Structures are given as structure tokens and as C-alpha cells.
Amino acid sequence: MKFFLDTANLDQIHEVNELGLLDGVTTNPTLMSREGGDWRAQASLICEAVDGPVSLEVIATTHEAMIEEAMDLVTFGPNVVVKIPMIPEGLKALKVLHEREIKTNVTLVFSPSQALLAAKLGATYVSPFVGRIDGLGQSGMECVDQMRTIFDNYGFTTKILVASVRHPMHVIESGLIGADVVTLPYATIMQLMHHPLTDKGLAAFLADWDAFQKNQ
Ligand code: G3P
């Protein structure tokens with residue numbers, strides 16, 4: 001399973017990269033706007049810093065303007081994946097971008113039927129927003145499970161990129177289902193790593209060793 005970081009923050013990107021856990025990055029207009037400053041400069045730095053796919057999202061809502069924006073976004077680096085919203089105009093843009101061999105990530109996906117349409121039109125990734133689906137009182141992971149079955153039934157190569165991740169169980173369940181990628185907020189990657197019994201156990205080992213050394 002690939003781990004992407006869901007952020008536009010360079011410090012977080014560098015830190016997770018140093019851990020050796022960074023397979024890619026996903027951004028969106030909200031995450032970009034949180035960083036402030038010149039978004040073009042920020043996007044370039046992110047593309048340089050990441051040895052893997054970087055999703056940059058279009059702002060346009062007509063297919064012609066999305067395609068124009070996508071052609072600009074891909075100039076930021078060879079690793080750019082253009083994020084397209086799951087709306088009818090987005091699907092029209094997706095078809096053209098697929099024909100131009102531009103990598104795409106169809107975002108704001110909330111149902112298996114939306115994922116099926118994106119896969120049929122050649123999306124590289126689809127991003128089900130599991131946390132937001134859970135927030136509706138439905139099951140985000142059940143949606144992902146259904147997407148996996150549909151894609152496997154028909155041999156779609158579109159990758160399932162689980163997004164809107166809220167906690168480590170979303171990651172574990174993604175692994176059990178066989179999702180291709182999870183995109184994680186920085187805090188969730190840290191949560192995956194830490195366990196209070198690891199810290200407690202290490203403290204006890206070091207204290208015992210210290211006492212042993214003093215008695216030598
Ligand atoms: O990047 C898309 C997605 O991960 C957004 O997550 O937390 O805004 O629902 P969230």
C-alpha cells in the first residue's frame with residue numbers, strides 16, 4: 001500500500017520523507033490556501049521535494065477551462081497528477097486528459113457509481129472521501145470495498161486512493177480491502193507510528209539496563 005501525505009506544507013513533507021514513508025503528496029485548494037503566499041512557488045517546491053506523484057487540483061468548473069488549467073499544472077513537474085472534481089464537466093475534461101496521457105486524480109468521490117464512471121473514462125486515481133462519507137452516517141470503507149470489487153470484476157487499472165482519512169482504522173481497513181493508496185494527514189501518520197506500550201516498554205528496558213550498569 002502506498003502512503004501519500006495530504007498536505008501542502010513543506011516541513012511535513014520533508015519530515016515524512018526523512019522517515020522513508022513518503023510515496024507521494026495530495027493537495028487541494030484548501031490545503032494550498034492554508035500555506036498562504038505564492039501558490040505557484042509552493043507547488044513547484046512540493047513537486048521538487050517529492051519523489052513520487054503530486055496531485056494539484058484545478059479550480060475551473062468548465063471542461064475547457066479545466067483542460068487549460070491542467071496543461072499549466074503539468075508544467076510544474078513530471079510528477080504532477082491533475083486533480084479533477086467529480087462533476088459532469090470534470091468527466092468531459094478527464095476523457096480529454098486521458099487521451100493526452102496526462103495523469104489524473106478524480107476527487108470528491110462519495111459513491112461507487114462515481115468511481116465507476118471515473119474509471120471508465122481512464123482516471124489514474126479515484127479519491128473516495130471516507131471520513132466525509134462516515135460523517136453522513138454512512139460507511140466510507142464499505143464504499144471503498146464496493147469500488148475494489150467493481151474495479152477487479154472489470155480489470156480497471158484506476159487506482160483507489162483513500163482520502164479524507166480520519167484515524168488509523170481507516171488505514172488498516174484500506175489495507176484489508178486492498179486499496180492502492182491512502183493519503184494521510186501528518187497527524188495520522190504519527191498516530192500510526194506511536195503506541196503508549198512501546199514508549200512504556202522502552203523506558204523500562206532503558207531503566208533496567210541503567211540499573212544493571214550501575215551494579216557492575
Ligand atoms: O485531499 C482530499 C481529502 O483528503 C480531504 O480531506 O479532511 O478535508 O475531508 P478532508
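In what follows, residues are counted from 1 in the order of the sequence shown. Every number for a ligand or one of its atoms is a count from 1 in the order of the listing. Note that the structure is predicted; figures quoted are calculated from it, not measured.
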Kindly check if the number of other-residue, nucleotide or ligand heavy atoms within 6.0 Å of CD (Q191) is above 12? yes
I'd like to know whether CD of Q213 has more than 12 heavy-atom contacts from other residues, nucleotides or ligands below 6.0 angstrom. yes
Got a donor-acceptor contact below 3.5 angstrom from the T27 side chain to the A8 backbone? no
Give me the ring orientation class for W209 and F212: parallel if the planes are under 30° apart, tilted from 30 to 60°, perpendicular past 60°. tilted
Is the CG atom of D51 crowded by more than 12 outside heavy atoms at less than 6.0 Å? no
In a table with atom names and distances, give each donor-acceptor pair under 3.5 Å that connects a side chain of residues 177-185 to protein atoms at least two apart or in another chain.
{"from": "D180", "atom 1": "OD2", "to": "R148", "atom 2": "NH1", "distance (Å)": "3.1"}
{"from": "D180", "atom 1": "OD2", "to": "I160", "atom 2": "N", "distance (Å)": "2.8"}
{"from": "T183", "atom 1": "OG1", "to": "D6", "atom 2": "N", "distance (Å)": "3.4"}
{"from": "T183", "atom 1": "OG1", "to": "T26", "atom 2": "OG1", "distance (Å)": "2.5"}

Under 4.0 Å from ligand 1 - residues by heavy atom, chain and number: D6, N28, K83, F129, R132, A163, S164, R166
